[in-house]
Amino acid sequence: MTSGVDSLNPAQREAVLHPGGPLLILAGAGSGKTRVITFRIAELLRRGVWPDRILAVTFTNKAAGEMRERIEKLTGGRARGMWVGTFHATCARLLRMYAEKVRLGRDFVIFDDNDQRTLVSRVLKDLGVADRFATPRAMLSAIDGAKNRGEGPDVFVGHDYFSDIVARVYPVYQERLEKANGVDFGDLLLKTLKLCGDPDVGKRLAERFDHVLVDEFQDTNRVQYDVVNHLAARLGNLCVVGDDDQSIYSWRGADVRNILDFERDHPTTHTVKLEQNYRSTQTILDAANAVIARNLERKQKRLFTEKGPGELLLYHTAEDERSEAQFVVRVMQKLAIEEERVPSDFAVFYRTHAQSRALEEALLSAELPYSVIGGIRFYDRAEVKDLLAYLRVLANPADEVSLERVINKPTRGIGESTYERVVARARASDETVWKTMEAIAQSGDGELTPAAKKKLSAFITMMDDLRNEFIVHDGSLGALADAVLERTQYVERLAADGSHESQERIENLLELTGSIKDYEGDVIAKEGMPPSIHDYLEQVSLVAPSDTEGKGVTLMTVHAAKGLEYPVVFVTGLEDGVFPSLRNGEDEDAMAEERRLAYVAITRAEERLFLTNARARRLFGQDARPFRESRFLADIPDHCIARPINQPRQRPSWMDRARDGARDGGGDDSGYAHRQEPPARKIERDGGISVEYDGDVSYDDVESTFRLGQRVRHAKFGEGEVRGFTGAGSDLKLTVYFPSVGPKTIIARFVELV
DNA sequence: GTACGGGCTATTTTT
DNA sequence: TAGCCCGTAC
């Protein structure tokens, strides 16, 4: 099936057909990037490259899944055996092949960020570090950062007060991790890189693949870059695809330099720019281009489309976050009628999760279905983590983080003091906590009371039984999970509590055991044999639940929006300090990244884009700082955007003013310069109220006057209800449903508010 | 061993 | 505002 190549544009075709060697594909937003990668892989297969000698890496499971699916569709079964996966999954796979080379057991477990945090807290406690700045979170991000740069605990050196603490904590953290036969996300990459440096394995790895393709290359960190280079070292067939303008994860270690310097690092690089956009209108692209153009250090690109200009962007300033949310909802209702949009056409973006609340409330009261992406994750729920921790201890008794979590959950009389004594002894004898527990249960320990000893024994016996019955003598994972919940009386205790919250927790646990059984069934169907508990745990650590596909209106952070597209997009909270965030002050690199974030947000929109902000915003319970609109708004060319002609502080509707008679005209003590509101005059005409307005009426004003469902009276038809809008300003027309005559389109001037 | 309340602190989070 | 940690009281 080669016919597809004809459907590509020249740049895309060039990228797909390029013979080999380093290939840099600069793929602008919406330029058909995934299409190009999949076509290129199909092309490689067509040329006779063995599928299992092709490696394609992505960042998300979703992207990997999509890629695999599309390749299969394109090539039939010919891609079987190809390596498609996330960086982390790919590294895990390689590490399991050569685990012993990096002093790991083959059954190593992966510590997710929660586990990492617990472990760091533990280490801080044990080392007696009590410093206001040495929070687990800060420590972790320092350690993570070091790992992303390729600095192991042996290499890391402190150079100031804070990093000196890190230098003390890091080695202990790493030691504990290794003792638990665990790796964190950073280790998956770093240890793979170490593998690459191994005299024996390194050579084999470099020869393992003929072609390496990397998606979202702008998000790679140093270590990922080095790994990828090594894997492609023999033939140099390294194809990287990315967009430096969409690099928004530097705080996670991503280094834009990887893409900016790629050509320098690989002098024979062939570069292809994909600039034709298949997603958005030209107006949206113009806005995006203008915003990103202000970043200095970037690969020049200019998106264009063959689509027409489409609608103007609309900018609206609301009084506070609640009326901002109301505006968003009203526009949705309006578009639902006028353009027959459905909730899933809409996406609302914000800079931080904390901003979702007001939007949720507004959507809720408008009875619009919505889903929030991100936020509290299923796998972060305490009860879910508890059950998983049981499974992990069963799979790997050396996992102390999980052991500490479950040893007294639900309470079984093994309190902190008992546990601490066991830990102390374990450290003294350089044994794992589990082994020490076993020893104590058997031979005793002067420091522990007989009662405590007995409880420890009971716990060990319970766990051993579970392990023997369900893991050693096969048995199923689902059955194991059920047995854990039953024998620990976990569910029983929750049920006894009887609260609504406990009920919810039980339901979450049922959902988890259900998903375990589903997973088990899927693997059996696909591979003919049941998965091991290690397979399952790896899957859980590496694969976030795919709740990404929300129903109804989608709410999410801009970060979460990358790679997605929606017909109608709202970018909210466009205030200096919120978006862009000024948490890092005016730092140039940070501001450049905020700008890229804005670029990502804008380029998600296919047809319509609404930009909103609020004059005052309550965040974290504090009243907001003085309002300044986002600096990014000023970069959007005038021809792209409909701005309000004024931004009255109280935003009284001009109809209200007309009715109340003209009051003093728009006094302004907001400290924010804006134009005077044009005078409005009320005139009686044709039985309705007509408002003459000098100049255009902004969208803003129209919206604040007539709402959907608003009751209005017309001289001829009597009372009715507003069902929709067309036109704007003095040409505004309403679709009004009159019980007497049905729906009628009425010029707004000729109705009166009821 | 647990339950409660005061005080503190708050981005973004693919894996 | 809300969630988390820690200290205190039972």
Side-chain angles (χ1 to χ4, degrees), chain A residues 57-65 85-92 110-117 121 124-125 130 132-133 135-138 140-141 144 147-148 183-189 215-216 218-221 223-224 246-254 321 349-358 361 373-377 379-380 382 408-419 452 455 538-544 546 548 556-564 573 577-584 590 593-594 596-598 600-601 617-623:
Chain A
V57 258
T58 62
F59 272 84
T60 66
N61 291 292
K62 198 177 158 216
T86 63
F87 266 103
H88 296 266
T90 304
C91 287
I110 298 164
F111 276 47
D112 66 23
D113 32 14
N114 280 304
D115 306 324
Q116 291 181 53
R117 219 186 46 148
S121 304
L124 287 173
K125 204 165 151 195
R132 210 164 70 77
F133 297 102
T135 62
R137 204 187 149 83
L140 211 48
S141 92
D144 221 46
K147 287 189 176 180
N148 289 155
V183 293
D184 59 21
F185 289 136
D187 280 345
L188 282 172
L189 307 166
D215 191 16
E216 304 280 17
Q218 75 281 356
D219 290 335
T220 50
N221 62 39
V223 174
Q224 287 164 331
Q246 293 187 66
S247 166
I248 55 175
Y249 282 103
S250 72
W251 49 276
R252 286 295 253 124
E321 76 276 4
F349 304 153
Y350 35 78
R351 181 63 236 272
T352 68
H353 280 303
Q355 291 166 247
S356 75
R357 176 176 304 260
E361 281 167 6
I373 307 299
I376 357 99
R377 286 203 301 246
Y379 284 92
D380 286 345
N408 198 32
K409 210 170 278 174
T411 51
R412 54 173 68 89
I414 308 177
E416 208 180 309
S417 52
T418 304
Y419 186 72
K455 285 166 186 163
E538 171 163 327
Q539 202 258 351
V540 170
S541 309
L542 254 32
V543 182
S546 60
T548 317
M556 62 180 134
T557 63
V558 182
H559 281 91
K562 199 179 71 169
L564 305 176
V578 176
F579 191 7
S581 158
L582 293 176
R583 209 158 178 275
N584 297 316
E593 181 140 325
E594 294 291 320
R596 292 193 288 268
L597 216 38
V600 168
R617 179 179 304 275
R618 196 177 283 276
L619 264 182
F620 306 132
Q622 302 286 292
D623 275 348

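Numbers restart at 1 for each chain; the letters A, B, ... are given by sequence-line order, proteins then strands. What you are looking at is a predicted structure, and each value in this text was computed from that prediction instead of being measured.
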Chemist: Whole Å only: how far is the CD atom of A:Q246 from the C1' atom of B:dT14?
Modeler: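 These atoms are roughly 14 Å apart.
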
Chemist: With distance as the sole criterion, do the side chain of A:R137 and the base of B:dT13 form a donor-acceptor contact below 3.5 Å?
Modeler: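 Indeed there is one.
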
Chemist: Distance check needed: B:dT15 C1' versus A:K562 NZ, whole Å only.
Modeler: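 So the NZ-C1' distance, A:K562 to B:dT15, works out to 13 Å.
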
Chemist: Return no unless some side-chain N or O of A:R117 is found under 4.0 Å from OP1 or OP2 of C:dC5.
Modeler: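 Indeed, a polar side-chain atom of A:R117 lies that close.
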
Chemist: If each of A:T135 and A:V558 is mapped to the nucleotide of DNA chain B with the nearest heavy atom, which maps nearer the 5' terminus, i.e. the 5' end?
Modeler: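 Result of the comparison: A:T135.
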
Chemist: Using whole Å, what does the distance between atom P of nucleotide B:dT12 and atom CG of A:D219 come to?
Modeler: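 So the CG-P distance, A:D219 to B:dT12, works out to 17 Å.
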
Chemist: For the pair made of CZ in A:R357 and C1' in B:dA10, what is the distance, rounded to whole Å?
Modeler: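 Between C1' of B:dA10 and CZ of A:R357: 14 Å.
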
Chemist: Which comes earlier along DNA chain B counting from the 5' end, the contact point of A:A354 or that of A:L188, where each point is its nearest nucleotide?
Modeler: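 Its nearest nucleotide being more 5', the pick is A:A354.
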
Chemist: Taking 4.0 Å as the cut-off, does a side-chain nitrogen or oxygen of A:N61 come that near to OP1 or OP2 on B:dT14?
Modeler: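 So the side-chain polar atoms of A:N61 never come under 4.0 Å of the phosphate oxygens OP1 or OP2 of B:dT14.
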
Chemist: For atom CZ of A:R357, decide whether the heavy atoms of other residues, nucleotides or ligands shown that lie under 6.0 angstrom number more than 12.
Modeler: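 No - once you tally the heavy atoms of other residues, nucleotides and ligands closer than 6.0 Å, there are 12 at most.
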
Chemist: Verify side chain to side chain contact (heavy atoms under 4.5 Å, CB included) between A:L189 and A:N221, making sure each step is shown before the conclusion.
Modeler: CA-CA 10 Å; A:L189 307 166; A:N221 62 39; 4.0 Å; yes

Chemist: May I ask you to decide if A:I248's main-chain N or O and A:H559's side chain share a donor-acceptor pair within less than 3.5 Å?
Modeler: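 The answer is yes, because a donor-acceptor pair under 3.5 Å joins these two groups.
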
Chemist: Answer yes or no: is there a donor N or O on one side and an acceptor on the other, between the side chain of A:N61 and the main chain of A:T86, under 3.5 Å?
Modeler: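 A pair under 3.5 Å: no.
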
Chemist: Pick base, sugar-phosphate or nothing for A:Y249, based on heavy-atom distances below 4.0 Å to the nucleic acid.
Modeler: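 Result for A:Y249 = base.
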
Chemist: Round to the nearest Å and state the distance from A:Q116 atom CD to B:dT13 atom P.
Modeler: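 To the nearest whole Å, that distance equals 17 Å.
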
Chemist: Kindly point out which of B:dT13, B:dT15, B:dT14 is positioned nearest to the side chain of A:T557?
Modeler: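 Of the candidates, B:dT13 comes closest.
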
Chemist: How many whole angstroms separate atom CD of A:E594 from atom C1' of B:dT11?
Modeler: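 That distance rounds to 9 Å.
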
Chemist: Counting distance alone, no hydrogens or angles: does the base of B:dT11 have a donor or acceptor under 3.5 Å from a partner atom on the side chain of A:R351?
Modeler: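 By the distance-only test, no, there is no pair.
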
Chemist: Calculate the interatomic distance between A:L582 atom CG and B:dT12 atom C1'; express it in whole Å.
Modeler: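 Going from A:L582 (CG) to B:dT12 (C1'), I get 14 Å.
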
Chemist: Below 3.5 Å, does any donor atom in the side chain of A:R252 face an acceptor in the base of B:dT15, or the other way round?
Modeler: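 Pair found.
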
Chemist: Considering just the side-chain nitrogens and oxygens of A:T86, establish if one lies under 4.0 Å of OP1 or OP2 belonging to B:dT14.
Modeler: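 A:T86 to B:dT14 OP1/OP2: no side-chain N or O under 4.0 Å.
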
Chemist: Any chance the side chains of A:Q355 and A:T352 put a donor and an acceptor closer than 3.5 Å?
Modeler: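 The answer is yes; a qualifying pair exists.
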
Chemist: Return the stacking result for B:dT11 and A:W251: yes when the ring centres lie under 5.5 Å apart and the planes under 30°, no otherwise.
Modeler: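 Taking the rule of under 5.5 Å and under 30°, the ring of A:W251 does not stack on B:dT11.
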
Chemist: Measure the distance from CZ on A:F349 to P on B:dT12 and round it to the nearest whole Å.
Modeler: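 In whole Å, B:dT12 P and A:F349 CZ are 16 Å from each other.
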
Chemist: Give a yes/no answer on whether the side chain of A:H353 brings an N or O atom under 4.0 Å of OP1 or OP2 in B:dT13.
Modeler: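 Result: yes.
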
